[in-house]
Amino acid sequence: METCAPINMPSDNSRLRFAPSPTGALHIGGARTALYNWLAARHDGGELVLRIEDTDRERSTEENVAQILDAMRWLELDWDVGPVSQAERADRHAEALRRLLDSGHAYRDHATGKEVEAWKAEHGAGRGYRGTPTEDPTAAIRLRVPGEGETVVHDLIRGPVAFPNASYDDFVIARADGSVLYNFAVAVDDAEMGITEVVRGDDHLSNTPKQLLVLEALGQEPPRYAHLPLLHGPDGKKLSKRHGAASVQELRAAGYLPAAVRNYLALLGWGTDDDTTLMSTEELVRRFRVADVGKSAAIFDEKKLRWLNGRFMREMPLDEYTAAVARHLGREADERLRAACGIAQEKAQTLEEVWALIRFLFEPPVSDEKAWGKVMKEGTGPVLEAVAEALEPVEPFEPARIEAALAPLLDRFGLKPGKLYQPIRVAITGTSISPGIFESLAALGRERSLERIRAAAERLPPA
RNA sequence: GCCGCUAUCGUCUAGGGGACUAGGACGCCGGAUUCUCAGUCCGGAAACCGGGGUUCGAAUCCCCGUAGCGGUACCA
C-alpha cells in the first residue's frame with residue numbers, strides 16, 4: 001500500500017540540480033534542461049542546486065563558467081545553492097574512492113585503452129572489460145562491475161530501463177593521478193548533496209547504470225532520474241552554429257525576450273493536454289510536471305519562437321517595452337524612444353527588428369535606392385510639394401488631423417492611396433517600410449517632416 | 001560491433017483500445033482589413049514509419065523490421 005505525504009506540508013523534500021560542464025557557452029539544449037529543473041523545483045517548492053561539472057581541467061574555463069551564469073541570469077532562472085565547483089569537492093571524492101578501494105568495490109589496474117580493446121577482442125563483443133588488480137599506486141582505479149544481472153534505471157519519463165551488467169566495463173573512476181572521472185564524481189555529489197531528482201539530457205541515460213553501480217558500492221540511496229529527449233536542429237542533426245541562434249547569448253542578441261524563450265523552450269518536449277500555447281512563467285510553473293515530458297527528440301524551430309516572441313512583445317505595457325528596447329539598443333529610455341516604441345510595438349517580432357522601424361526618428365532617412373526608384377515615379381514631385389503645403393497648417397500635428405489634411409489630395413490628384421502615401425513614407429524614412437504613415441509623420445514632427453518631404457520633392461523633376 | 005532510447009501533418013504537439021471524418025499551434029497557400037510592412041480575422045492543403053499479430057474493434061497493446069539518435073574515453 002502506498003502512502004501519500006500530506007499535500008499542505010512544506011515540501012522541503014525535493015532537491016534538484018542543474019549541472020552543466022563549462023566546456024562552452026550554454027546552448028539551447030542546456031538552457032532547456034536548466035529550465036525544466038527550475039520549473040520542477042519551483043513547482044513543488046523544492047530547491048535547485050547549480051553545480052559546475054568542471055572535473056575536466058583541460059576543457060573547463062572560467063570564461064565558460066561566467067557565460068553560463070550570465071545565461072542563467074538572463075533567462076531569469078535562479079538557484080538556491082551554488083554555484084558549486086565539482087573540482088573543489090576533490091577531497092570528498094578522494095574519501096569515497098578510499099572507501100571503495102578498502103571495501104574491494106574498486107581496484108587499481110594499469111591497463112591502457114589498447115589493452116582493454118585487446119581483452120575485448122579476445123573475450124568477445126558485448127563483454128565488458130574485467131581487469132587484473134595491481135598494487136601499483138600509479139595505476140588508474142576501476143569500479144568492479146558485476147559479471148551478471150542487470151541494473152535498472154527507473155526513469156520518470158521512460159519507465160524502467162534495464163541494462164545488462166555484463167555489457168559494462170569495469171570502468172575507470174579515477175585517473176592515475178588520483179583525480180576522479182565524471183560518472184564517479186556525479187554519483188558521489190548527487191548523493192552527498194541530497195539530490196532527490198536528477199533531470200538531465202537523454203545522452204546520460206546509458207551512463208546512469210554506472211552511477212547507480214557507484215552508488216550501490218557506496219551503500220547510498222540513488223536519486224530518481226528523468227532523462228529528457230535531446231534537441232536537434234532543423235535538419236534533424238545535433239544543434240550547432242549553423243542553425244542560427246544556438247546559444248543563449250545568441251538568442252539575446254537576436255532580440256528575443258527571456259519570457260518568450262522560457263515559454264518556447266518549455267513547449268519543446270512538453271505540452272499541456274488542453275492545447276494551451278501561450279503561457280506566463282507563473283502558469284508554466286503551475287502546470288509543469290517532469291513526468292509529462294515527451295519521449296522523442298524535438299527540433300528547435302526558430303520560426304515558432306519568433307511568433308511567440310512577437311506575442312509577448314505586443315502584450316507588454318509600453319514602459320516595459322520601451323525599457324526592453326532601450327536595453328537592447330543601448331539607448332536611453334527617454335520620452336522620444338517611448339514615443340517611437342508606441343508606434344512600432346505592434347509591428348516588431350523581436351527587439352532587434354524595432355530599430356529598422358524607428359530609425360528615421362533618430363537619424364536622417366536611409367538611402368534605399370530600390371525603394372526610391374520604385375515609388376518616386378514621374379509627377380511625384382508636385383504631389384510632395386502639395387503634401388508639404390497641406391501639412392504646414394495642421395494643428396495640433398496629430399495622426400487624425402494629418403490624415404484629414406492629406407485625404408483631399410487623393411481626389412485632387414486622382415491618386416490611389418498607395419500612390420500618395422508611399423512617396424511620403426520614402427521621403428521621410430528613406431525606405432518603403434515603416435509604422436503607419438500618419439503616426440510616423442506625427443512622431444517625426446512638423447518641422448522635420450516638411451524638411452524631408454521638400455528635400456525629396458527637390459530631387460524630383462518639377463511638373 | 002555491442003548496449004540502450006525513440007518513431008502522429010514540414011515543425012512543436014494532443015490522443016494511452018470504440019468519442020478519430022486523428023484535434024490545436026507555428027509555418028505554408030488563398031481571401032478580408034481599399035498606406036507599406038507587420039498585426040488581426042476568415043478559409044484551405046497537410047500526419048498515425050513498414051509488416052505481422054492480440055481484439056468484435058488498434059494511432060493507441062505485443063513482436064519483427066526499418067530509420068534516427070545516444071552511450072560504449074584515464075571527456076562531460
Side-chain angles (χ1 to χ4, degrees), chain A residues 19-23 53-56 58-60 86 109-113 116 120 124-128 139-142 153 155 157-158 161-164 166-169 171-183 185-186 201-210 227 229-230 232 234 236-238 264 267-278 294-308 310-311 314 344-349 353 356-357 371 375 403 406 410 416-426 429 431-438 440:
Chain A
S21 64
T23 53
E53 226 91 306
D54 54 359
T55 53
D56 181 348
E58 307 273 286
R59 298 194 296 158
S60 303
Q86 191 164 53
D109 175 27
H110 42 226
T112 60
V116 169
K120 288 190 177 182
R127 290 266 109 184
I141 299 172
R142 291 179 184 272
V153 179
D155 195 89
I157 294 170
R158 291 157 213 287
V161 183
F163 297 83
S167 68
Y168 284 93
D169 291 340
F171 56 99
V172 175
I173 54 177
R175 300 180 179 95
D177 66 3
S179 61
V180 298
L181 259 20
Y182 174 76
N183 284 119
V186 167
D202 208 1
D203 49 339
H204 290 289
L205 182 58
S206 308
N207 280 325
T208 307
K210 295 183 187 175
H227 288 93
L230 261 20
H232 293 152
K237 297 260 159 53
K238 228 174 122 159
Y264 177 71
L267 255 18
L268 229 42
W270 170 81
T272 61
D273 52 8
D274 63 358
D275 295 325
T276 305
T277 300
L278 269 163
K295 297 184 177 107
S296 53
I299 290 174
F300 173 73
D301 174 24
E302 200 170 341
K303 294 231 181 76
K304 191 160 185 175
L305 207 210
R306 286 184 66 81
W307 169 78
L308 212 45
R311 295 291 303 248
R314 268 170 265 126
Q345 179 166 13
E346 62 183 24
K347 309 181 88 69
Q349 290 201 290
E353 286 173 3
L357 291 167
V375 170
E403 180 169 13
L406 257 23
L410 257 22
K416 288 219 215 108
K419 295 286 182 215
L420 173 63
Y421 300 129
Q422 274 305 78
I424 301 175
R425 175 168 280 116
V426 171
T429 71
T431 186
S432 58
I433 296 172
S434 83
I437 194 64
F438 312 119
S440 292

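Since we're looking at a predicted model, the values are computed, not measured.
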Student: Separation of A:Arg59 atom CZ from B:A76 atom C1', in whole Å?
Tutor: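 Computing the A:Arg59:CZ to B:A76:C1' distance gives 6 Å.
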Student: Any base atoms under 4.0 Å from A:Ala176, or only sugar-phosphate, or nothing? Heavy atoms, all strands.
Tutor: base
Student: What is the distance from atom OG1 of A:Thr429 to atom CD1 of A:Ile424, rounded to the nearest 0.5 Å?
Tutor: 11.5 Å
Student: Given B:G70, B:A76, B:C12, which nucleotide is nearest the side-chain atoms of A:Arg175?
Tutor: B:A76
Student: Using a strict 4.0 Å threshold on nitrogen-to-oxygen distance, state whether A:Asp155 and A:Lys295 make a salt bridge.
Tutor: no
Student: Go ahead and name the base partner of B:G16; Watson-Crick or wobble counts if both distances stay under 3.5 Å, otherwise write none.
Tutor: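 Check on B:G16: unpaired, no WC or wobble geometry under 3.5 Å.
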Student: Any side-chain to backbone donor/acceptor pair from A:Asp169 onto A:Phe171? Under 3.5 Å, distance only.
Tutor: no
Student: Can you check the distance between B:C20 and B:A58, where both ends of the measurement are the C1' atom (answer in whole Å)?
Tutor: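 Comparing C1' positions in B:C20 and B:A58 gives a spacing of 12 Å.
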Student: Donor-acceptor pair under 3.5 Å: do we get one between A:Asn207's side chain and the base of B:A76?
Tutor: yes
Student: Just name whichever nucleotide pairs with B:A7, Watson-Crick or G-U, keeping both distances under 3.5 Å, else none.
Tutor: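 B:U66 - that is the nucleotide pairing with B:A7, both distances being under 3.5 Å.
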Student: By nearest atom, which of the nucleotides B:A76, B:C5, B:C3 is closest to the A:Pro164 side chain?
Tutor: B:C3
Student: How long is the line joining CG of A:Leu230 and P of B:A7, in whole Å?
Tutor: 14 Å
Student: For the NZ atom of A:Lys419 and the CG atom of A:Leu410, what is their distance to the nearest 0.5 Å?
Tutor: 12.5 Å
Student: Taking the nucleotide of RNA chain B with the nearest heavy atom to each, does A:Pro229 or A:Val180 sit closer to the 5' end?
Tutor: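 Its nucleotide being nearer the 5' end, the pick is A:Pro229.
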Student: Side chain to side chain contact (heavy atoms under 4.5 Å, CB included) between A:Leu308 and A:Leu278: does it pass, once the steps are laid out?
Tutor: CA-CA 7 Å; A:Leu308 212 45; A:Leu278 269 163; 3.7 Å; yes
Student: Give me the distance, rounded to whole Å, that separates B:U21 from B:C3 when you measure between the P atoms they each carry.
Tutor: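 Roughly 42 Å separates the two P atoms.
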Student: Round to the nearest Å and state the distance from A:Ile157 atom CD1 to B:G70 atom C1'.
Tutor: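 Whole-Å distance recorded here is 15 Å.
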Student: Could you tell me whether A:His227 contacts a base, only the sugar-phosphate backbone, or nothing, with contacts defined as non-hydrogen atoms closer than 4.0 Å?
Tutor: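 The residue A:His227 makes no contact with any strand.
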Student: About how many Å separate CZ of A:Arg306 and CZ of A:Arg311, when rounded to the nearest 0.5 Å?
Tutor: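 Separation between the atoms: 15.5 Å.
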Student: Students often get this wrong, so: under 4.0 angstrom with heavy atoms, is A:Phe438 touching a base, only sugar-phosphate, or nothing?
Tutor: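 Base: the residue A:Phe438, judged by heavy atoms under 4.0 Å, touches a nucleobase.
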Student: Are A:Arg127 and B:C3 close enough that a side-chain N or O sits under 4.0 Å from OP1 or OP2?
Tutor: no
Student: Could you give the CD1-to-P distance, from A:Ile299 to B:U6, as a whole number of Å?
Tutor: 18 Å
Student: If I pick the P atom on B:U6 and the same atom on B:U60, what distance separates them, to the nearest angstrom?
Tutor: 15 Å
Student: Between NZ of A:Lys304 and CG of A:Leu268, what distance do you get to the nearest 0.5 Å?
Tutor: 9.0 Å
Student: Quickly work out the A:Glu302 CD to B:A25 P distance and round it to whole Å.
Tutor: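 Rounding to the nearest Å, CD of A:Glu302 and P of B:A25 are 22 Å apart.
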Student: What is the distance from CZ of A:Arg158 to P of B:G70, rounded to the nearest Å?
Tutor: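 These atoms are roughly 13 Å apart.
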Student: From the set B:C3, B:C12, B:A14, return the single nucleotide nearest to any side-chain atom of A:Asp275.
Tutor: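 So the side chain of A:Asp275 is nearest to B:A14.
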Student: Closest to the A:Pro417 side chain: B:C35, B:C26, B:G15?
Tutor: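 Comparing B:C35, B:C26, B:G15 against the side chain of A:Pro417, the answer is B:C35.
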Student: Reckon A:Asp54 touches a base, only the sugar-phosphate, or nothing at all at heavy-atom distances under 4.0 Å?
Tutor: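 If one applies the 4.0 Å heavy-atom cut-off, A:Asp54 turns out to touch nothing in the nucleic acid.
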Student: What's the gap between B:A73 and B:C28 when it is taken at their P atoms, as a whole Å value?
Tutor: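 B:A73 and B:C28 have their P atoms separated by 46 Å.
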Student: Hey, is the side chain of A:Lys347 pairing donor to acceptor with the base of B:C37 inside 3.5 Å?
Tutor: yes
Student: Which nucleotide, B:G70, B:A25, B:A76, lies nearest any side-chain atom of A:Trp307?
Tutor: B:A25
Student: Between B:C74 atom P and A:His110 atom NE2, what is the distance in whole Å?
Tutor: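 After rounding, the reported distance stands at 15 Å.
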Student: What contact category does A:Thr55 fall into here, base, sugar-phosphate, or nothing, at under 4.0 angstrom with non-hydrogen atoms?
Tutor: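 Contact class for A:Thr55: sugar-phosphate only.
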Student: When the P atoms of B:A45 and B:C63 are compared, how many Å lie between them, rounded to an integer?
Tutor: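 Per the computed distance, 37 Å lies between those P atoms.
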Student: Return the pairing partner of B:A38 with a 3.5 Å limit on both distances, Watson-Crick or G-U wobble; otherwise return none.
Tutor: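 Base partner found: none.
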Student: If you check the A:Ile433 side chain, which of B:C37, B:C3, B:C12 turns out closest?
Tutor: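 Minimum distance to the A:Ile433 side chain belongs to B:C37.
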Student: Could you tell me whether A:Thr23 contacts a base, only the sugar-phosphate backbone, or nothing, with contacts defined as non-hydrogen atoms closer than 4.0 Å?
Tutor: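 The residue A:Thr23 makes no contact with any strand.
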Student: Between B:G24 and B:G4, how far is it from one P atom to the other, in whole Å?
Tutor: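 Straight-line distance between the two P atoms is 40 Å.
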Student: Name the nucleic acid region contacted by A:Leu181, choosing base, sugar-phosphate or nothing; use a 4.0 angstrom heavy-atom cut-off, strictly under.
Tutor: sugar-phosphate
Student: A:Val172 or A:Phe163: which one's nearest nucleotide on RNA chain B is closer to the 5' end?
Tutor: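 Upstream on the strand: A:Phe163.
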Student: In whole angstrom, give me the gap between the P atoms of B:C69 and B:U33.
Tutor: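 Each nucleotide's P atom is 48 Å from the other's.
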Student: Looking at B:A76, B:C5, B:C12, which one has an atom nearest to any side-chain atom of A:Asp202?
Tutor: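 Nearest nucleotide to the side chain: B:C5.
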Student: Whole angstrom is fine here: how far is it from NZ in A:Lys295 over to P in B:G15?
Tutor: 11 Å
Student: Over all strands shown, is A:Gly128 touching base, sugar-phosphate only, or nothing at heavy-atom distances under 4.0 angstrom?
Tutor: nothing
Student: Drop me the distance from A:Thr23's OG1 to A:Glu53's CD, to the nearest 0.5 angstrom.
Tutor: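 Spacing of OG1 (A:Thr23) from CD (A:Glu53) equals 10.5 Å.
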Student: Please confirm whether the shortest side-chain N or O distance from A:Ser206 to OP1 or OP2 of B:G70 is below 4.0 Å.
Tutor: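 For A:Ser206, the contact criterion (side-chain N or O under 4.0 Å from OP1 or OP2 of B:G70) is not met.
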Student: Report the base-pairing partner of B:C61 (Watson-Crick or G-U wobble, both distances below 3.5 angstrom), or none.
Tutor: B:G53
Student: Report the residues that fulfil side-chain hydrogen bond (donor to acceptor under 3.5 Å, both in side chains) with A:Asp273, sequence neighbours left out, ordered by chain and then residue number.
Tutor: none
Student: If you take atom types as modelled and just measure distance, does the side chain of A:Lys304 reach the base of B:A25 with a donor-acceptor pair under 3.5 Å?
Tutor: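 Side chain to base: pair present.
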Student: Could you give the distance separating B:G53 and B:C29 at their C1' atoms, to the nearest angstrom?
Tutor: 42 Å
Student: Taking pairing as Watson-Crick or G-U wobble with both contacts under 3.5 Å, can you name the mate of B:C28, or confirm there isn't one?
Tutor: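 Across all strands, the one nucleotide that pairs with B:C28 is B:G44.
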Student: So which nucleotide from B:U6, B:C12, B:C3 ends up closest to the side chain of A:Leu268?
Tutor: B:C12
Student: Nearest to the side chain of A:Glu53 - B:A73, B:G15, B:A76?
Tutor: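 Among the listed nucleotides, the one closest to the side chain of A:Glu53 is B:A76.
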Student: Ignoring the backbone of A:Gln422, work out which of B:U6, B:G70, B:C35 is nearest its side chain.
Tutor: B:C35
